[in-house]
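Single-structure report; data block below.
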Amino acid sequence: MDETLFDQQRPLLIADQGVFFVGGNYVDTPRGRISGGQMYVQYQIPARQAHPYPVVMIHGGGQTGVNFLTTPDGRRGWADYFLTHGYAVYVVDQPSRGRSGFISELYGKAANRSAEAVADRFTAPENTKLWPQAGLHTQWPGSGVAGDVAFDQFYRSQVESMTDVGAGELMMRAAGSALLDRIGPAILLTHSQGGPLGWTIADARPKLVKGIVSVEPNGAPVYEIKFTGAPDYFEDETMTRPWGITRHALTFSPPASDASEMKFVKQDKPDGPGLVRCWLQAEPARQLVNLQGIPILMVTAEASYHAPYDHGTSRFLKQAGVAHTFVRLADVGIRGNGHMMMLEKNNLAIARYFDQWLKVNVT
């Protein structure tokens, strides 16, 4: 039997499941005390737990944990894959997102994306080709535009996100730390805007993070990239990650008390065609001491808008002394994916690759 078909049919044998909240603090307001910063967590424990560490799945911007539960065309998601392969699975909704609740008087303004913006960035980038690799996209289950059943399911799962992404990062550092304090050592599987949250949670709880699978972490280092289409494709936009790969401080050696002490330089030329010129630390580079020694797999899809710049995040980690494995999925025979690879037609083949890497590198 085909492996993917078998994984779609593998029985879900569950010993325990439930939900709880971690993090959060009461704040006095004119209408009384309210709680903010809390994080919703749902978990499933397999009947036969084959791996010593659970997987904590952290979604990206505009998303919730539903990204990992199923696909827009009704196939199994990554949570089911890992559960049926013997991992306990914890799926979160970031503070201020989804079932964690959005409280406007605490969290401020929020924004969401139009259907056209979602199609251009995630589901049908081959139509607009805003970055050089976009035309390689083949794996979305449908046309990827409004009116297609799978697209409509995906778009209706989108939620508003805080415009103050830095405040969300701080809340997630606290809530993610509280989660690990409760459940013990774990593997973090992060995606997109959730990627820097993996770095900051590991920085806060290095002994409790036993591995990180970082799926196209929010980047590139330091500056946002604006996609302009052919012929130039890229330009630097605003500085959003003044600590290199996060919006708030990480533990560097030698230490930096303020982001203004971080010094960056831009590559003179890109590493190859279709790639951006990376921003890296000026030498000598500060070292990310709390991330060192944690097994890290960072992956990038062939057709994603991350394909032009994720190597910059990899180079930043390496320069900061953080050994890791950086894989372009096309190089291991997994072709045609966009940024939302956990929802695409070959999603379980990607999960299988992660599983195989974890079994070798995280024991």
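The pair Arg315-Asp271 meets the salt-bridge criterion, with a side-chain N (NZ, NE, NH1 or NH2) lying under 4.0 Å from an Asp/Glu carboxylate O. For the pair Glu160 and Arg97, the salt-bridge criterion is not met [side-chain N within less than 4.0 Å of a carboxylate O]. The residues Arg173 and Asp203 are annotated as salt-bridged, a charged nitrogen and a carboxylate oxygen being separated by less than 4.0 angstrom. A salt bridge links Asp236 with Lys266: at least one charged nitrogen is closer than 4.0 Å to a carboxylate oxygen.
In this structure, the ring of Phe227 has its center no less than 6.0 angstrom from the ring center of Tyr233. Remark: aromatic rings of Trp140 and Phe154 are close, center separation under 6.0 Å. Separation of the Trp78 and Phe354 ring centroids falls under the 6.0 Å cut-off. In this structure, His339 has its ring center closer than 6.0 angstrom to the ring center of His191.
Within the 3.5 Å criterion, the main-chain N or O of Leu343 finds a donor-acceptor partner in the side chain of Arg75. In terms of modelled atom types and a separation under 3.5 Å, the side chain of Glu237 and the main chain of Tyr223 share no donor-acceptor contact. With Glu169 contributing its side chain and Val165 its backbone, the two residues share no donor-acceptor pair below 3.5 Å. Thr29 places a side-chain N or O within donor-acceptor distance of the main-chain N or O of Arg31, the cut-off being under 3.5 Å. A distance-only check finds no donor-acceptor pair linking the side chain of Gln44 to the backbone of Ala15 [under 3.5 Å]. With Arg76 contributing its side chain and Asp7 its backbone, the two residues share a donor-acceptor pair below 3.5 Å. Remark: the backbone N or O of Ala285 is paired with a side-chain donor or acceptor of Glu283 at under 3.5 angstrom. The main-chain N or O of Gln193 is never found under 3.5 Å from a side-chain atom of Asn218 such that the two would form a donor-acceptor pair. The backbone N or O of Ala323 sits nowhere less than 3.5 Å from a side-chain atom of Gln292 that would complete a donor-acceptor pair. At distances below 3.5 Å, not a single donor-acceptor pair connects side-chain atoms of Arg247 with backbone N or O atoms of Pro196.
By the neighbour-count criterion of 12 heavy atoms within 6.0 Å, atom NZ of Lys207 is sparsely surrounded, having that number or fewer from other residues, nucleotides or ligands.
For the atom pair Gln356 CD and His85 NE2, the distance stands at 9.0 Å (nearest 0.5 Å). Once rounded to the nearest 0.5 Å, the distance linking OG of Ser314 with CE of Met298 reads 5.0 Å. Note that the CG atom of Asn347 and the CD1 atom of Ile334 stand 11.0 Å from one another [nearest 0.5 Å]. A distance of 12.0 Å separates OG1 of Thr84 from CD of Gln9, quoted to the nearest 0.5 Å. Interatomic distance, CD1 of Ile296 versus OG1 of Thr190, reported as 9.5 Å (0.5 Å rounding). To the nearest 0.5 angstrom, Thr300 atom OG1 is 3.5 Å from Asp310 atom CG.
Counting heavy atoms from C-beta on, the side chains of Trp131 and Thr228 never come closer than 4.5 Å. Looking at heavy atoms from C-beta onward, Pro308 lies in side-chain contact with Gln133 at the 4.5 angstrom threshold. Using a 4.5 Å heavy-atom cutoff, the side chains of Gln8 and Leu348 are in contact. Here the side chains of Leu69 and Val91 are in contact, with some heavy-atom distance below 4.5 Å. You'll find the side chain of Cys278 reaches within 4.5 Å of the side chain of His311, heavy atoms only.
Side-chain polar atoms of Gln63 and Gln94 form no donor-acceptor pair below 3.5 angstrom. Glu224 and Thr240 share a donor-acceptor pair across their side chains, judged by distance under 3.5 Å alone. Defined by atom type and a distance below 3.5 Å, a donor-acceptor pair is missing between the side-chain atoms of Gln153 and Ser157. Between Glu216 and Ser304, the side chains place a donor N or O and an acceptor N or O closer than 3.5 Å (distance only, hydrogens not considered). With 3.5 Å as the limit, one finds no donor-acceptor pair spanning the side chains of Asn290 and Arg205. Using modelled atom types, one finds no donor on one side chain facing an acceptor on the other under 3.5 Å when comparing Asp120 with Asn127. Side-chain N/O atoms of Thr200 and His248 include no donor and acceptor closer than 3.5 Å.
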Would you please test Gln139 and Met341 for side-chain contact (heavy atoms from CB on, under 4.5 Å) and show each step? CA-CA 8 Å; Gln139 291 290 348; Met341 64 186 77; over 6 Å; no

As a quick check of understanding, evaluate side-chain contact (heavy atoms from CB on, under 4.5 Å) for Asn112 and Val159, giving each step before the final call. CA-CA 6 Å; Asn112 58 10; Val159 298; over 6 Å; no

The test is side-chain contact (heavy atoms from CB on, under 4.5 Å); show your working for Trp243 and Met262 and say whether it passes. CA-CA 7 Å; Trp243 293 87; Met262 301 291 295; 4.0 Å; yes

Step by step, would you call Trp199 with Ser214 a side-chain contact (heavy atoms from CB on, under 4.5 Å)? CA-CA 9 Å; Trp199 313 139; Ser214 186; 3.6 Å; yes

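In this structure, Ile58 is not a member of the same hydrophobic cluster as Met162, with clusters built from ILVMFWY side-chain heavy atoms closer than 4.5 Å. A continuous path of ILVMFWY side-chain contacts below 4.5 Å connects Val55 to Trp357, so both sit in one hydrophobic cluster. Placement of Tyr305 and Leu136 in two distinct hydrophobic clusters is found when ILVMFWY residues are connected by side-chain heavy-atom separations under 4.5 Å, directly or transitively. In terms of hydrophobic clustering, with Ile, Leu, Val, Met, Phe, Trp and Tyr side chains grouped at heavy-atom distances under 4.5 Å, Ile212 and Phe316 are assigned to a common cluster. Tracing side-chain contacts under 4.5 Å through hydrophobic residues (I, L, V, M, F, W, Y), one reaches Phe252 starting from Phe264; they form part of the same cluster.
Judged by a 6.0 Å distance limit and a 45° cone about the ring axis, Arg352 is not positioned over the six-membered ring of Tyr81. Cation-pi geometry between Arg277 and Phe234 is not satisfied (NZ or CZ under 6.0 Å from the ring centre, within 45° of the ring normal).
In this structure, Met39 and Asp93 approach most closely via the heavy-atom pair CG-O, 3.1 Å. Across every non-hydrogen atom of Ala175 and Gly37, the tightest pair is CB-O, 4.1 Å. Ala110 and Thr163 get closest at one heavy-atom pair: C-CG2, 3.9 Å. Ala119 approaches Val145 most closely through the heavy-atom pair CB-CG1, 4.5 Å. Shown here for Ser100 and Phe21, the closest heavy-atom pair between the two residues is CA-CE2, 4.3 Å. Between Pro141 and Glu344, the closest heavy-atom pair is CD-CA, 4.1 Å.
Applying side chain to side chain donor-acceptor pair (under 3.5 Å) to His137 and the options Glu302, Lys129, Glu126 leaves one that passes, Glu126. Just one of Pro54, Pro52, Pro185 meets the side chain to side chain contact (heavy atoms under 4.5 Å, CB included) condition when paired with Lys210; it is Pro185.
Note on ring orientation: taking the six-membered ring where Trp is involved, the planes of Phe20 and Tyr43 are tilted (angle from 30° to 60°). By the 30° and 60° cut-offs, the orientation of the rings of Tyr155 relative to Phe151 is parallel. In this pair, Tyr87 and His51 present their aromatic rings parallel. The plane angle is below 30°, not in the 30 to 60° band.
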